[in-house]
Number of protein chains: 2
Amino acid sequence: MISNKCKYAIKALTYIARNDDGTKAVMTSDIAQEQDIPRKFLEIILRDLRNNRILESKRGKDGGFRLLRPAEDISLTEIMRIIDGPIAMLPCVSLNYYRSCDDCDEKECEVKGVFEQVRDRTLEVLNGKTIKSLTLD
Amino acid sequence: MISNKCKYAIKALTYIARNDDGTKAVMTSDIAQEQDIPRKFLEIILRDLRNNRILESKRGKDGGFRLLRPAEDISLTEIMRIIDGPIAMLPCVSLNYYRSCDDCDEKECEVKGVFEQVRDRTLEVLNGKTIKSLTLD
DNA sequence: TAATAATCCTATCTATTTGATAGTATTTAT
DNA sequence: ATAAATACTATCAAATAGATAGGATTATTA
């Protein structure tokens, strides 16, 4: 399962992508209201995305958030990794968050192969999806 | 990520499948030792699997556990659902643990479609894997 | 039939993660 | 100056993960 936080992040980003008309940044409070996300929680999420160079922010009056890159260059995998961490089902098959298993020898691990396949299938779908393509669905 | 508990369950089942020679049941303590799983934790897992009709148990001396069905009839998905619950990444796309989302309208949800695809790809892999096929890998 | 060896059951515990809220500081437009 | 926005720090409650402890029950066998 992905976390609520991650789902909020995706919804917030698609909202920003749809509502940035080029004149002014998109405000936290608008996103929170329209997408039904707790405001203070959303602040944390947006700051996270900013710190990871997905968003840029502007403070003060008429402040808000903008995508730092075109929506078609932001993949779902990138967002999910920032917010939730690994996508793989086992640490030892994670591409971005690899950790060895304490309790088994990877060379003869029975389950590793299966979960590598799951990972690859999952990434085939998720890598192909961007904030842009989500807004078109 | 799948839980440690679930990984333990899979390893325990493959161990039982490999070591049941038809004469006597496989003991918790043997599994725990060979597969490096905390004994008391493993007890809980095996009882769970028994309650869900994956294993049968025999008490007392020479007691232990056996697969209730042939290893080729026990899929990974079944085990994962018993131990960890839903396999899907969103409650609203889960086949076995469906729950509606509080915060969005499913008809126009942007992410639902993607995670249905992920679910289907994942199940393609996991449904094809059984305790039997894992022991052959 | 007593001893032994196994599962069964209930309760408990600690650490981490999840999902959030509160309050204040800082920045910016007017 | 003032209003309105983000930035930051701290805190909190509930759920989940990952176990551990101790005794009850059942079955074998010497």
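Protein chains get the first letters and strands the later ones, always in sequence-line order, with residue 1 at the start of each. Atom set for the values below is all heavy atoms of this structure, side chains included, hydrogens, waters and symmetry mates excluded.
Closest approach to the Lys61(B) side chain among dG18(D), dT30(C), dA5(C) is made by dA5(C) (side chain taken as heavy atoms from C-beta onward). The nucleotide whose nearest atom lies closest to any side-chain atom of Phe41(B) is, among dA4(D), dT7(C), dT20(D), dT20(D). Of the candidate nucleotides dA20(C), dA7(D), dC8(C), dA20(C) has the atom lying nearest to any side-chain atom of Asn4(A). Side-chain proximity of Arg50(B) to the nucleotides dT30(C), dC8(C), dT20(D) is greatest for dC8(C).
The CE-P distance, from Met1(A) to dA15(D), rounds to 17 Å in whole Å. In this structure, Ile45(B) places its CD1 atom 14 Å from P of dT7(C), rounding to the nearest Å. If you take CG of Leu42(B) and P of dC8(C), they are 12 Å apart, rounded to a whole angstrom. dT16(C) atom C1' lies 15 Å from atom CG of Asp84(A), rounded to whole Å. In this structure, the CG atom of Leu46(A) is 9 Å from the P atom of dA7(D), given to the nearest Å. For the pair Arg47(B) CZ and dT25(D) P, the interatomic distance rounds to 15 Å; values are reported in whole Å. In this entry the distance linking CG of Asn51(A) with P of dA7(D) reads 8 Å, nearest Å. For Ile44(A) and dT21(C), the CD1 to P distance is 10 Å, given to the nearest whole Å.
Arg59(A) contributes no side-chain N or O that forms a donor-acceptor pair with the base of dT28(C) under 3.5 Å. Side chain Lys40(B) to base dG22(D): a donor-acceptor pair is found below 3.5 Å.
For the residue pair Cys101(A) and Lys7(B), the shortest heavy atom distance occurs at SG-NZ, 3.0 Å.
Residue-to-nucleotide proximity on DNA chain C shows that, of Met27(B) and Glu43(A), the 5′-proximal contact is made by Met27(B). Nearer to the 5' terminus of DNA chain C, by closest-nucleotide assignment, is the contact made by Phe65(B) (compared with the other of Phe65(B) and Ile2(A)).
Thr28(B) comes within 4.0 angstrom of sugar-phosphate atoms only, judged by non-hydrogen atoms across all strands, and of no base.
Checking the phosphate oxygens (OP1, OP2) of dT28(D), a side-chain nitrogen or oxygen of Lys58(B) falls inside 4.0 Å. One finds a side-chain N or O of Tyr8(A) lying less than 4.0 angstrom from the OP1 or OP2 phosphate oxygen of dA20(C). Distances shown here put every side-chain N or O of Ser29(B) at or beyond 4.0 Å from the OP1 or OP2 atom of dA6(C).
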(Q) With salt bridge (charged side-chain N to carboxylate O under 4.0 Å, His left out) as the criterion, how do Glu34(A) and Arg18(A) come out once you've worked through the C-alpha distance, each side chain's angles and the decisive distance to 0.1 Å? (A) CA-CA 12 Å; Glu34(A) 292 299 315; Arg18(A) 269 199 314 275; over 6 Å; no

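Within a 6.0 Å sphere centred on CD of Gln33(B), other residues, nucleotides and ligands contribute 12 heavy atoms or fewer.
A donor and an acceptor atom, one from each side chain of Asn127(B) and Ser75(B), are nowhere located under 3.5 Å apart.
When atom types are taken as modelled, the side chain of Thr14(A) and the backbone of Lys11(A) share a donor-acceptor pair closer than 3.5 angstrom.
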